[in-house]
2 protein chains.
Amino acid sequence: MRLINRNTDYAIKALLHIAGNSSGRFPVSELSDVLKIPHPFLRKILQVLQKEGILLSSKGKGGGFALAIPPKRIYLTDVMKIFQGSLELDHCLYRKELCPDIKTCPLRRKILSLEKRFVQELASITIQSLLDDKP
Amino acid sequence: MRLINRNTDYAIKALLHIAGNSSGRFPVSELSDVLKIPHPFLRKILQVLQKEGILLSSKGKGGGFALAIPPKRIYLTDVMKIFQGSLELDHCLYRKELCPDIKTCPLRRKILSLEKRFVQELASITIQSLLDDKP
DNA sequence: GTTAAATGATACGTTTCGAGTATCAAATTG
DNA sequence: CAATTTGATACTCGAAACGTATCATTTAAC
Ligand code: FES
Ligand code: FES
């Protein structure tokens, strides 16, 4: 099962690098170098994080990206939502509204309850907590 | 997030139908009719379940599929493994063996522990337990 | 002010994979 | 034999994931 896609993973890695090194601005060139992520791809990702208010950016020489909010307030689930959409563990193939079985589907009830707890646990992970875990 | 794909879902629905109606053999034609699943697609799915020892099959007139083992012993996670591969919530994009960060990746540890509990809970679901839930 | 280095915006290409179809062969029943 | 069923397997199609390319804009340093 794919829990986390590349966009999210790269985003988290970039955020960890920025949060873990308190210099001012990090240009994409530095990040893509250190993290071995294709430059234009990472750039697109960071631009999204900027639009979403997680990163600040400045153009021109000496520019780059910096955190817009403290690592404690950057949640893994936020990043996942940005790059992967809803976190619901959608077992149902049809769009929920259209599913002919939604009333009777026995899988649905079971999974909804498991889902809730799982997402709650996921939601406790922040950039800060990931940093704290590092050796 | 896609927890369950179409193969798995269709497989579960077919298994529920078979388990819930104690006639002898269920030809694909009947199942695909009742469950509104394209005939050749469902057929392929049931053939896999047969190979995996979950269904019995017999050819020819009056043939079809029947459970090979009791509903209590058919686990959702077994079906998921068959059609979706490993249940690991693989956050890592690279194949595990090749991932350059596998030692240091802070996401990995966090997610592995959440994963364990989640899969354990999933693993409690069987065809029988789904049947019992039905109204 | 010119130039180099950076991001903003956005369009495009490529690969992968999920979902479903098509076909022929083999078995079973009557 | 004829009809009905599964076995095996190759193929198509479309969407989504993944990644590239390009041009415009801003900024700092010289
Ligand atoms: S198949 Fe749609 S809710 Fe279960
Ligand atoms: S990125 Fe490979 S283990 Fe985390």
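The chains referred to below are lettered A, B, ... by the order of the sequence lines, with proteins before strands, and numbering in each begins at 1. On a predicted model such as this, the values are computed, not experimentally measured, just so you know.
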message: How many whole angstroms separate atom CD of Gln47(A) from atom P of dA6(C)?
response: 14 Å
field: Non-neighbouring partners of Pro27(B) that pass side chain to side chain contact (heavy atoms under 4.5 Å, CB included), sequence neighbours left out
entry: Ser29(B), Glu30(B)
field: Out of dC18(D), dG7(D), dA6(C), whichever nucleotide has its closest atom nearest the side chain of Pro27(A)
entry: dA6(C)
statement: residues 16-63 of chain A vs ring pair (Phe, Tyr, Trp, His ring centres under 6.0 Å), sequence neighbours excluded, gives Tyr10(A)-Phe41(A), His17(A)-Phe26(A)
- line: One should read off an interatomic distance between Ile74(A) CD1 and Ile54(A) CD1, to the nearest 0.5 angstrom, of 6.0 Å
- request: State which residues pass side chain to side chain contact (heavy atoms under 4.5 Å, CB included) with Ala66(A); sequence neighbours excluded, sorted by chain then number.
  value: Arg25(A)
- prompt: Which whole-number value in Å describes the distance from Arg43(A) CZ to dG8(C) C1'?
  reply: 7 Å
message: Just so I know, are the side chains of Asn5(A) and Met80(A) near enough to count as touching, which here means a heavy-atom distance under 4.5 Å?
response: no
statement: Residues at least two apart in sequence or cross-chain that pass ring-ring contact (aromatic ring centres under 6.0 Å, His included) with Phe118(A), listed by chain then number, are Phe118(B)
task: Could you list all the side-chain hydrogen bond (donor to acceptor under 3.5 Å, both in side chains) pairs where at least one residue sits in residues 60-84 of chain A, not counting sequence neighbours?
output: Thr8(A)-Gln84(A)
Residues that Glu121(B) engages under side chain to side chain donor-acceptor pair (under 3.5 Å), provided they are two or more places apart: Arg117(A)
Euclidean distance, Arg108(B) CZ relative to Leu130(A) CG, rounded to 0.5 Å: 14.0 Å
message: Can you tell me which nucleotide in dT21(C), dT5(D), dT20(D) comes closest to the side chain of Pro40(B)?
response: dT21(C)
task: Please step through side chain to side chain contact (heavy atoms under 4.5 Å, CB included) for the pair Asn7(B) and Ile82(B), ending with a clear verdict.
output: CA-CA 9 Å; Asn7(B) 282 328; Ile82(B) 291 169; over 6 Å; no
statement: Residues at least two apart in sequence or cross-chain that pass side chain to side chain contact (heavy atoms under 4.5 Å, CB included) with Ala11(B), listed by chain then number, are Ile45(B), Leu49(B), Val79(B), Phe83(B)
field: Interatomic distance where CG belongs to Leu46(A) and P belongs to dA5(C) [whole Å]
entry: 20 Å
Rounded interatomic separation in angstrom, taking CG from Asn5(B) and C1' from dG18(C): 8 Å
- request: Go through residues 74-86 of chain B and report each residue with a non-hydrogen atom lying under 4.0 Å from DNA chain C, sorted by number.
  value: none
- prompt: When the distance from CG of Leu42(B) to P of dT5(D) is rounded to whole Å, what number comes out?
  reply: 14 Å
field: d(CD1, Ile37(A); P, dG19(D)) in whole Å
entry: 10 Å
- request: Classify every nucleotide of nucleotides 11-16 of chain C by which part a protein heavy atom approaches to under 4.0 Å, writing B for the base, S for the sugar-phosphate alone and - for neither, in 5'-to-3' order.
  value: ------
- line: Distance col, row Lys13(A):NZ vs Ile18(A):CD1, nearest 0.5 angstrom, shows 14.5 Å
- prompt: Over how many whole Å does the gap from His39(B) atom NE2 to dT21(C) atom P extend?
  reply: 11 Å
- prompt: Distance check: side-chain N/O of Gln50(A) vs OP1/OP2 of dG8(C), anything under 4.0 Å?
  reply: yes
task: Quickly work out the Asn7(A) CG to dT20(D) P distance and round it to whole Å.
output: 12 Å
field: Polar pair under 3.5 Å, donor/acceptor by atom type, side chain Arg6(A), base dG19(D)
entry: no
message: Base, sugar-phosphate or nothing for Arg25(A)? Non-hydrogen atoms, less than 4.0 Å.
response: nothing
task: Kindly state which residues belonging to residues 57-66 of chain B come within less than 4.0 angstrom of DNA chain D, counting heavy atoms of the residue only, listed by number.
output: Ser57(B), Ser58(B), Lys59(B), Gly60(B), Lys61(B), Gly64(B), Phe65(B)
